[in-house]
Amino acid sequence: MTEAAVTDVRLAIVGSGPAGLTAALYAARANLDPLVIGGVPAGGQLMLTSEIENYPGFPDGIQGPELIELFRKQAAKFGARFLDDNVIGVDFTHRPFVLRTGTNGDVRARSVIVATGANARWLELPNEQRLRGKGVSACATCDGFFFKGRELVVVGGGDSAMEEALFLTKFATHVTVVHRGPHLRASRILQARARAHPKVSFVMDADVVDVFGKETVEGIVVREHGSGASRTLPAQGLFVAIGHDPATEVFRGALELDAKGYVKTHDITRTSVDGVFAAGDVYDHRYRQAVSAAGLGCMAALDAEKFLAEEVPLPVGPPPA
Ligand code: NAP
């Protein structure tokens with residue numbers, strides 16, 4: 001459902017994953033009359049996730065899209081409105097802030113919550129997307145449990161790859177980390193832990209060139225840089241841990257971003273612009289869980305509510321002669 005264009009709002013929420021929709025729920029219940037500009041497609045990373053077993057309150061698990069639908073329904077029940085559109089430009093230099101949308105014109109907002117999330121990077125292998133959710137994953141915490149007694153491959157040389165490999169040893173019989181370089185980028189302590197683990201081995205200086213399998217993953221093809229030779233690693237799962245890209249392009253120049261493009265915050269949700277708050281993976285590159293993003297969405301809404309309650313009313317009427 002998309003609302004007709006709404007031009008002036010007290011609070012605009014950009015993004016409609018767990019962070020944005022939880023912010024919408026709290027803001028709606030605080031009578032802030034929030035407008036969620038949800039992005040197209042709406043719903044964020046959970047829309048691409050199948051079974052979620054670690055969101056509290058769902059002991060039998062829930063499908064990602066279904067959880068998003070429930071979040072949205074709950075926020076709408078208290079009056080949150082939705083615009084299924086993309087924000088394509090912003091002006092945060094004065095208030096009300098201006099958010100330019102793809103097809104619904106400009107939205108003016110007295111405060112904004114940025115909850116646009118981040119996207120996992122993929123390897124762009126020929127069969128990677130076909131086998132997503134069928135053995136290919138970018139989240140060990142989400143999917144590791146489904147790989148009991150399996151052999152797995154993790155790609156990447158950073159902290160995430162080490163953490164994912166270590167986490168997966170709880171379920172897998174063996175985890176092979178494949179890294180494209182001769183040295184790992186991960187912190188020494190995580191490297192040391194992974195190297196010392198009896199279930200973890202490393203293939204360095206090698207690229208993963210494909211993943212194959214009819215219905216589910218059956219093996220991974222790697223090519224070693226030195227010899228140029230390709231070989232197959234038998235595995236039933238491929239975990240891609242090569243980093244995430246925050247969805248912040250549209251805020252570049254308007255908000256302070258860190259070197260990797262994540263929104264910089266202080267006091268948890270406050271950005272470099274007074275009245276603009278951030279929630280979820282758009283600044284949290286550490287925890288990246290649906291439940292932690294939802295928690296940050298709640299915090300951003302409470303902070304926006306306080307901001308709007310304390311704001312100095314702007315002068316009304318024509319300027320003095
Ligand atoms: P990252 O540090 O950017 O590491 C990404 C890894 O993937 C690098 O080893 C990189 O190789 C490799 N890579 C990138 N693109 C690739 C490609 N197309 N093909 C093959 N390999 C590719 O990302 P991250 O590990 O997700 O960590 C992100 C941030 O979160 C970091 O600051 C990290 O310290 C932090 N983090 C911290 C913890 C913790 O402290 N417990 C846990 C997770 C993450 P190269 O090395 O060759 O560039």
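In each ligand, atom 1 is the first atom listed, and ligand 1 is the first ligand listed.
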- Would you call Asp84 and Arg72 a salt bridge, using N to O less than 4.0 angstrom? yes
- Item | ligand 1 N/O within reach of Gly157 N/O, cut-off under 3.5 Å | yes
- Query: What protein heavy atom is closest to atom 39 (C) of ligand 1, reported as residue, atom name and distance in Å?
  - Reply: Glu163 OE2, 3.8 Å
- Message: Please work out, at 4.0 Å between heavy atoms, whether the side chain, the backbone, both, or neither of His179 comes within that distance of ligand 1.
- Response: side chain
- Nearest neighbour in protein (non-hydrogen) for atom 4 (O) of ligand 1: Arg185 CD, 3.6 Å
- Query: Can Asp33 and Arg81 be counted as an ion pair, charged N to O under 4.0 angstrom?
  - Reply: yes
- Message: Considering non-hydrogen atoms of the protein only, which is the closest contact for atom 23 (O) of ligand 1, and what is the distance?
- Response: Gly243 CA, 3.8 Å
- Residue, atom and distance of the protein heavy atom nearest atom 11 (O) of ligand 1 read Arg180 NE, 3.1 Å
- Looking at residues at least two apart in the chain, or sitting in another chain, which of them share a ring-ring contact (aromatic ring centres under 6.0 Å, His included) with Tyr283? none
- Query: Are any of the N/O atoms in Ser160 less than 3.5 Å from those in ligand 1?
  - Reply: yes
- OG1 of Thr271 to CG of Leu255, rounded to nearest 0.5 Å, is 4.5 Å
- Protein contact to atom 30 (O) of ligand 1 [nearest heavy atom, distance to 0.1 Å]: His285 ND1, 3.8 Å
- Any chance you could pull the hydrophobic cluster mates of Ile220, using side-chain heavy atoms under 4.5 angstrom and chaining through other members? Trp122, Leu123, Leu125, Leu131, Val136, Val153, Val155, Val178, Val203, Val208, Val211, Val217, Val222, Leu233, Leu238, Val240, Ile242
- Residue portion contacting ligand 1 (non-hydrogen atoms closer than 4.0 Å) for Leu184: neither
- Message: Among all the protein's non-hydrogen atoms, which is closest to atom 19 (N) of ligand 1, and how far away is it?
- Response: Leu123 CD2, 3.4 Å
- Item | Residues Asp8 and Arg108 bridged, charged N to O under 4.0 Å | yes
- For atom 7 (O) of ligand 1, the protein heavy atom that lies nearest, with its residue and separation: Ile242 CA, 3.3 Å
- Between Glu310 and Lys306, is there a salt bridge with N-O shorter than 4.0 Å? yes
- Start with the C-alpha distance between Tyr55 and Phe71, add both sets of side-chain angles, then the distance that settles ring pair (Phe, Tyr, Trp, His ring centres under 6.0 Å), and finish with yes or no. CA-CA 12 Å; Tyr55 199 89; Phe71 283 156; 5.6 Å; yes
- Message: Within the 4.0 Å heavy-atom shell around Gly158, which atoms of ligand 1 are there?
- Response: 4 (O), 6 (C), 9 (O), 25 (O)
- Message: Tell me the contacting part of Lys260 for ligand 1: side chain, backbone, both, or neither, using a 4.0 Å heavy-atom threshold, strictly below.
- Response: side chain
- Please write down residue, atom name and distance for the protein heavy atom closest to atom 35 (C) of ligand 1. Asp159 OD2, 4.3 Å
- Could you tell me whether the side chains of Gln191 and Arg188 share a donor-acceptor contact shorter than 3.5 Å? no
